[in-house]
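For reference, the structure is listed below as structure tokens.
By convention in this document, chain letters (A, B, ...) are assigned in the order of the sequence lines, proteins followed by strands, and residues within each chain are numbered from 1.
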Number of protein chains: 2
Amino acid sequence: MILTYMYNTRSRHFRSREFGAVERFIEPCILLLLSKTPSHGYGLLADLATHCGEKVDIGDLYRTLRSMEMDGWVTSKWDEKQGGRNKRVYKITTDGREILKDAVASLRKTDNLIHHLFTGYQKVFPDAKIV
Amino acid sequence: MILTYMYNTRSRHFRSREFGAVERFIEPCILLLLSKTPSHGYGLLADLATHCGEKVDIGDLYRTLRSMEMDGWVTSKWDEKQGGRNKRVYKITTDGREILKDAVASLRKTDNLIHHLFTGYQKVFPDAKIV
DNA sequence: AATTATATATGATATTAACATATATGTACA
DNA sequence: TGTACATATATGTTAATATCATATATAATT
């Protein structure tokens, strides 16, 4: 079938002006936190806010933890000792530490790309103030 | 309705071991390249490979350019002068330059977060070699 | 008794990324 | 001449990820 191309096509979505969010940054952050000490979902929330940027969706966090467990990066068990609702406590595994190491290496490449862009930007706009 | 929570729920997808890709990094890269000189989709491809990482999907690139045009970050017109197929040449707008400035600021925050993770990693694993 | 904080989990949808294919023109070359 | 390849733009479809909302549960506070 011969088509005449129409101007655009894909239905228009909201175009965010946010840039620079790192894909799946939450996982390396979780692995690093669990490298220090075992913890549970809700407990990780505040620490992730500090290490991962402000916005960490709690639903996403729980699903990510389960998903990481399925891949063998962490293990979990219920902690029923304390008062309050039971907590599912996660521990990093040997595989998880390997993944973290790989993730750090990936992020170094990302860092290089970002700096490459900064350098290019400074070259094109030498008077631009560093915000 | 009272439910007993089932172990996990979300259907299992392939879990990539790739980390650190920056979301929508392609747009700041395009804007920087167009800050230097107007260009067309296919022509941007090689430059983006250098500045944006290896993998740039050509289909995504064309759609991104159209989408950026709809937002007024760039303008385009057909260039019919040359031999070969006509080219749609894109130029950055004043708005586009503002967006680029904001994107660079966003990426500086991202860069800080990544470095924060590096520092934390070095603290937990002081013997880790820098890959 | 109602609200808030802690705690885990799922439903539904929006957004983005990835892979594949269609269309179109010109050049090399066998 | 025909066919492979490079250039060039565009769309269809699906997979993966992010976001927003809601359900469940327990304990402390007001």
Side-chain angles (χ1 to χ4, degrees), chain A residues 1-27 39-46 48 52-71 76-90, chain B residues 1-27 39-46 48 52-69 76-90:
Chain A
M1 183 170 48
I2 295 165
L3 294 170
T4 308
Y5 284 119
M6 307 295 289
Y7 179 80
N8 193 279
T9 47
R10 171 164 287 189
S11 69
R12 185 80 198 302
H13 299 302
F14 171 67
R15 167 166 286 268
S16 159
R17 267 100 210 281
E18 289 302 312
F19 296 92
V22 183
E23 252 178 75
R24 300 174 66 234
F25 191 55
I26 192 175
E27 285 151 316
S39 189
H40 64 289
Y42 197 85
L44 287 165
L45 200 64
L48 283 169
C52 228
E54 310 86 73
K55 278 194 286 183
V56 180
D57 181 78
I58 184 70
D60 189 33
L61 174 53
Y62 283 116
R63 264 202 276 247
T64 300
L65 283 166
R66 281 309 186 82
S67 181
M68 290 168 72
E69 185 172 23
M70 282 194 292
D71 280 333
S76 79
K77 57 172 184 180
W78 284 106
D79 181 359
E80 303 175 11
K81 280 168 286 187
Q82 296 112 323
R85 187 175 171 177
N86 292 346
K87 296 170 187 177
R88 182 181 287 280
V89 175
Y90 287 89
Chain B
M1 183 170 49
I2 294 165
L3 292 169
T4 308
Y5 284 118
M6 306 294 289
Y7 180 79
N8 194 279
T9 46
R10 171 165 287 189
S11 69
R12 184 80 197 302
H13 297 303
F14 171 66
R15 167 165 286 268
S16 159
R17 269 99 210 284
E18 288 304 312
F19 296 93
V22 183
E23 254 178 73
R24 300 174 65 234
F25 191 54
I26 191 176
E27 285 151 318
S39 188
H40 64 290
Y42 198 85
L44 288 166
L45 200 64
L48 282 170
C52 230
E54 311 86 74
K55 279 193 286 180
V56 180
D57 181 79
I58 185 70
D60 189 33
L61 174 53
Y62 282 116
R63 265 201 274 245
T64 299
L65 283 166
R66 280 308 188 82
S67 181
M68 290 168 72
E69 185 173 23
S76 80
K77 58 173 185 179
W78 284 106
D79 182 359
E80 303 176 10
K81 280 169 286 188
Q82 296 114 322
R85 187 173 172 180
N86 292 345
K87 296 171 188 178
R88 181 181 288 279
V89 175
Y90 287 88

Does some side-chain heavy atom of B/Leu44 sit less than 4.5 Å from a side-chain heavy atom of B/Val56?
no
Measuring only between side-chain heavy atoms, which start at C-beta, is A/Tyr90 closer than 4.5 Å to A/Arg66?
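A side-chain contact under 4.5 Å exists here.
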So, B/Ser67 side chain and B/Arg63 main chain: donor-acceptor pair closer than 3.5 Å or not?
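No.
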Sugar-phosphate, base or nothing in reach of A/Gly59, heavy atoms under 4.0 Å
base
In whole angstrom, what separates [X]'s [atom1] from [N]'s [atom2]?
X       : N      : atom1 : atom2 : result
A/Arg66 : C/dT8  : CZ    : P     : 10 Å
A/Asp60 : C/dT15 : CG    : P     : 16 Å
B/Glu80 : D/dA8  : CD    : C1'   : 14 Å
B/Lys87 : D/dT7  : NZ    : P     : 10 Å
B/Leu45 : D/dA6  : CG    : P     : 13 Å
B/Ile58 : D/dA8  : CD1   : C1'   : 8 Å
B/Leu44 : D/dT7  : CG    : P     : 14 Å
A/Arg85 : C/dA5  : CZ    : C1'   : 13 Å

Between CG on residue A/Leu48 and CD1 on residue A/Ile58, distance to nearest 0.5 Å:
9.0 Å
NZ/B/Lys77 to CG/B/Asn86 distance, rounded to the nearest 0.5 angstrom?
13.0 Å
Return no unless some side-chain N or O of [X] is found under 4.0 Å from OP1 or OP2 of [N].
X       : N      : result
A/Tyr62 : C/dA9  : no
B/Arg63 : D/dT9  : no
A/Tyr42 : C/dT8  : no
B/Arg88 : D/dA10 : yes

Select from A/Trp78 and A/Glu23 the residue whose nearest nucleotide in DNA chain C is closer to the 5' end of that strand.
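Per heavy-atom nearest nucleotide, the more 5' residue is A/Trp78.
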Pick the closest DNA chain D nucleotide for A/Asp57 and for B/Tyr90 by heavy atoms, then say which residue is nearer the 5' end.
B/Tyr90
